[in-house]
J.: 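Sharing a structure here in C-alpha cells format.
The shown structure was predicted, so the numbers you read here are calculated from the model rather than taken from an experiment.
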Amino acid sequence: MAVEKVKLTDSSVIEQIRDNIPTATRQAKGLMPVITEKSPYQQYMQLDKDLEMEFDYSYGMIALWSNQKGYSSIILLGTVALNIVSEISGIGFSLSTVKDTAGKVNVYKTAENKFVVQNKSNDQFRFYISYQ
C-alpha cells in the first residue's frame, strides 16, 4: 500500500481555518473580520455640554482620546463596572467613573454591555473612541 505525502504550508493551514470558522459576531464566537483600515472600530464623537452618549460594546478595552483636550485613556470594561487603567492628561482634564460629577467627562456602565460617556465639563468634548 502506497502512502501519499501531503505537503502543508502555513498559508494552506491558515486558509483552511479561515474557510471553516465563521466570522465573530455578538451572537456567535469566531474569527475577527479582516482588518483593512487603521482601526475599523474607531469613531469620532462630538459631545456638547450636559449631553451624553450610550455605547453598546461587549467586554474588552476601550481607548478614548481627545486632541482638543490633550487627553488619552484606556478603559477596561468589566462585568459590573469599568476601570480607567491608563490616563494621560494635558491641561488639567480628567475622566470620572461616577455619573453626574460636575466639571468632568464621566464614563460609567449602565448595563452588562453598555456604558455612557457624559459631558459635565464646561465645554464641548470632541474625542475619538476605539474598541479593542
J.: Going by the rule salt bridge (charged side-chain N to carboxylate O under 4.0 Å, His left out), which residues pair with Asp100 if we only count those two or more places apart in sequence or in a different chain?
T.: none
J.: Would you mind reporting whether Ile129 and Ile62 have side-chain heavy atoms less than 4.5 Å apart?
T.: yes
J.: Quick one: list whatever passes salt bridge (charged side-chain N to carboxylate O under 4.0 Å, His left out) with Asp50, sequence neighbours left out.
T.: Lys120
J.: Under the side-chain contact (heavy atoms from CB on, under 4.5 Å) rule, collect the residues that match up with Glu87, sequence neighbours excluded.
T.: Tyr71, Ile84, Ser94, Leu95
J.: Taking all non-hydrogen atoms of both residues into account, name the closest pair between Phe125 and Asn119 and its distance.
T.: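 So the minimum-distance heavy-atom pair works out to N-ND2, 3.4 Å.
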J.: Running the 4.5 Å side-chain criterion over Ile, Leu, Val, Met, Phe, Trp and Tyr, what cluster does Val116 land in, apart from itself?
T.: Tyr108
J.: To the closest 0.5 Å, what do you measure between OG (Ser121) and CG (Leu47)?
T.: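 Between atom OG of Ser121 and atom CG of Leu47 there are 8.5 Å.
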J.: Taking side chain as C-beta onward, heavy atoms only, is Ile74 less than 4.5 Å from Val85?
T.: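 A side-chain contact exists here, since the closest heavy-atom pair is under 4.5 Å.
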J.: For Phe55, what residues pass the ring-ring contact (aromatic ring centres under 6.0 Å, His included) criterion, not counting sequence neighbours?
T.: Phe115
J.: Is there a side-chain contact between Lys99 and Asn106, using heavy atoms and a 4.5 Å cut-off?
T.: no
J.: If you measure from CD on Glu54 to CD on Gln118, what distance do you get to the nearest 0.5 Å?
T.: 12.0 Å
J.: Same hydrophobic cluster for Leu51 and Leu64, using side-chain heavy-atom links shorter than 4.5 Å among ILVMFWY?
T.: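 Same cluster: Leu51 reaches Leu64 through Ile, Leu, Val, Met, Phe, Trp or Tyr contacts under 4.5 Å.
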J.: How long is the span from the OH atom in Tyr44 to the OG atom in Ser66, to the nearest 0.5 Å?
T.: 8.0 Å
J.: Report yes if some heavy atom in the side chain of Met45 is under 4.5 Å from a heavy atom in the side chain of Val117; otherwise report no.
T.: no
J.: Would Leu82 and Thr97 satisfy side-chain contact (heavy atoms from CB on, under 4.5 Å), going step by step from the backbone distance to the final call?
T.: CA-CA 7 Å; Leu82 56 83; Thr97 57; 3.7 Å; yes
J.: Going by the rule salt bridge (charged side-chain N to carboxylate O under 4.0 Å, His left out), which residues pair with Lys104 if we only count those two or more places apart in sequence or in a different chain?
T.: none
J.: Does any non-hydrogen side-chain atom of Tyr128 lie less than 4.5 Å from one of Asn67?
T.: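 They are in contact (side-chain heavy atoms under 4.5 Å apart), so the answer is yes.
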